[in-house]
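Just so it is clear, the values below take in all heavy atoms, side chains as well, and ignore hydrogens, waters and symmetry mates.
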Amino acid sequence: RNDMLCGGFVWEWCDHAIYKGTAENGKPIYFYGGDHGESQHDGNFCMDGLVYPDRTPHTGLMEYKNVHRPVRVVSYNQLIGYVTVKNELGFTNLNDAVCIRWEVNCDGKSASSGMISELPEILPGETGTFSLPISVPKKGRCYLQLSYYSKKESEFVPAYFPLGFDELPLQNEDSRNQVAMSFGTNSSAAVTYTEDDTRVIVQGDGFGYTYNKLTGMWDELLRQSKPLLMRPMELNVWRAPTDNDRNIRLEWERAHYQQTVLRAYQTTCEYIPEGISIRSTMALSAETVQRMMNMTTTWTVTPSGEITMKMDVERNPEFPDLPRFGLRMFLPNEMESLSYYGLGPIESYPDKRRAATHSHFESTVTEQHEDYLRPQENGSHGDCDYVIVYNDQAQLVVTSENAFSFNASHYTQEELTAKAHSYELEPSGYTVLCIDYAQNGIGSNSCGPVLKDEYRFKEQRFTFSVTLHPSERK
């Protein structure tokens, strides 16, 4: 409202930590407030930059870059193929500075693409429209991705340097991810169960699963007599607090979210046309506090060994927003390879996903770890249709009819919570896979406002459904 004022500056550029050499594990040692024995300090509040001390970019810098892209899509009419964009540059005609690469991405693969070298003459701050007729596959999860590049070399960037992107969902006859739908398998083999007071033993062709009636979770998943779960499955609501969780963390800890106990009160089993159904009434609580939530969970095991969970959740409204809600599985450490469709390749959260795109990505569990100097929650990927964790012998595929988020790590959330420096982290010896219905947003409440309502995990009733597809690797 006042041309004399300017603002919106980033605070600040780099993490202000002091390099102290290399640890025995080969990781760099960085000290921050209090590490030199000083009494007056702000802890790790001096590490609030967009780059690490060695100037390696944080994922936040990638977010910031795309927020400040020089072009922004204002509207797209898929029916007639017109794109309207705004020139966000302050002094340059858009056609003189930017060219656009477009791609129709369907289920993570490029269906078509091209380059627009000449744009309309769009003056600074103005909008312009150009034609972009495209063909959209009839089936699949499809997006139009517009990537912006520098048109010519300058003193700051070379020619064809990436400047940012926009991603637009496309309409078609069936927008379901066809790859995710293909993981279901049929089998004519029999699936049976036996039960006692505390367990349900499910057996089928090449698999054997053990269900714990006391927790309502699976204790053991065997494929060809080899364990897929190295520890019992858990219901998971805790995350290692981020820097911006420093205030709400106190509420979470008072609620004992980091010390929850899952209890199943009643379990019934029956044969159904799809296989076997196990139904449990459950609750999540902790010592010294009342129940956090009640759940009714139905597990369906098919003759092929697929496990589908449908969990209806009703939270106690007296408890604070949840850090997250989902399943945690401890897989063999050697299950290191990762394949997924969702937001990537960098981490994403409800309010931190401007630098991620929808596609199919291949990675490793080790590569998923974002090594923040003060350990904290990291590496989540939102809006996923499937994730596959595998090695040469076995794989676990997770799918859902509703998009979910996941992270995979060799570190537990307890380890990330307990350690003050990244070089102190010790791997768990497992591949820890978290499948989340949702996570709380990241926000800026370390020194800014509380999290916006739209990014808070405050739902009181919700249903979480996923399907696990354990199998041998083909």
Side-chain angles (χ1 to χ4, degrees), residues 14-36 41-61 230-231 234 236-246 249 252-253 257-259 323-324 326 328-338 345-349 352 363-381 389 391 405-436 439 442 446:
C14 69
D15 290 341
H16 295 117
I18 299 174
Y19 178 68
K20 303 293 284 188
T22 304
E24 291 183 2
N25 59 11
K27 298 182 71 172
I29 299 172
Y30 286 101
F31 275 21
Y32 54 82
D35 287 338
H36 291 94
H41 61 83
D42 281 331
N44 76 318
F45 203 69
C46 59
M47 296 196 302
D48 55 352
L50 290 175
V51 297
Y52 290 98
D54 65 357
R55 290 359 183 215
T56 301
H58 280 286
T59 55
L61 180 58
M230 308 307 291
R231 284 172 46 178
E234 299 176 357
N236 191 26
V237 299
W238 181 250
R239 76 179 184 197
T242 68
D243 290 340
N244 289 335
D245 290 334
R246 62 165 50 194
R249 172 185 187 161
W252 291 346
E253 290 175 339
Y257 283 161
Q258 78 281 17
Q259 299 168 326
R324 67 166 3 129
R328 182 162 69 153
M329 292 170 277
F330 297 84
L331 309 179
N333 192 57
E334 58 270 19
M335 293 184 72
E336 167 70 5
S337 297
L338 191 66
I346 68 168
E347 64 183 12
S348 61
Y349 292 85
K352 185 187 177 186
S363 184
T364 66
V365 174
T366 299
E367 290 171 345
Q368 292 303 297
H369 179 68
E370 180 67 24
D371 203 28
Y372 293 109
L373 298 186
R374 182 178 180 89
Q376 55 195 276
E377 161 67 28
N378 70 88
S380 180
H381 295 280
V389 185
N391 61 14
S405 63
F406 83 90
N407 62 7
S409 177
H410 292 302
Y411 302 108
T412 65
Q413 58 206 29
E414 292 82 4
E415 178 72 2
L416 294 171
T417 301
K419 296 300 171 64
H421 302 85
S422 60
Y423 69 87
E424 299 169 340
L425 289 174
E426 296 181 14
S428 65
Y430 307 111
T431 288
V432 184
L433 178 63
C434 296
I435 304 295
D436 292 317
Q439 278 211 44
I442 299 298
S446 61

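When atom types are taken as modelled, the side chain of H410 and the backbone of V432 share no donor-acceptor pair closer than 3.5 angstrom. Between the side chain of D15 and the backbone N or O of G49 there is at least one donor-acceptor pair closer than 3.5 Å. Under the 3.5 Å distance criterion, the side-chain polar atoms of N25 are matched with a main-chain donor or acceptor of Y423. Counting only distance, with no hydrogens or angles, the side chain of T431 and the backbone of M335 share a donor-acceptor pair below 3.5 Å. Side-chain atoms of E367 come within 3.5 Å of backbone N or O of T364 as a donor-acceptor pair.
We find the CD-OG distance between Q439 and S380 to be 4.5 Å, quoted to the nearest 0.5 Å. Here CD1 of I346 is found 7.0 Å from NZ of K352. Values are rounded to the nearest 0.5 Å. If you take OG1 on T59 and CG on N378, they are separated by 9.0 Å, rounding to the nearest 0.5 Å.
Of the listed residues (D35, I29, N44, L373), just one forms a side chain to side chain contact (heavy atoms under 4.5 Å, CB included) with H421, and that residue is D35. Shown are Y30, Y32, F31; of these, the ring-ring contact (aromatic ring centres under 6.0 Å, His included) with Y19 is made only by Y30. Partner of Q413 under the side chain to side chain contact (heavy atoms under 4.5 Å, CB included) criterion, out of Q258, R324, Q376, R239: R324 alone.
Smallest separation of non-hydrogen atoms from F406 and L433: CD1-CD1, 4.1 Å.
Partners of Y52 according to the side-chain hydrogen bond (donor to acceptor under 3.5 Å, both in side chains) rule, which considers only residues two or more places apart in sequence or in another chain, are E370. Applying the side-chain contact (heavy atoms from CB on, under 4.5 Å) criterion to E234, with sequence neighbours excluded, gives R231, R328, F330. In terms of the side-chain hydrogen bond (donor to acceptor under 3.5 Å, both in side chains) criterion, W252 has no residue partners (sequence neighbours excluded).
In summary, D371 and K27 engage in a salt bridge, as defined by a charged side-chain N under 4.0 Å from a carboxylate O.
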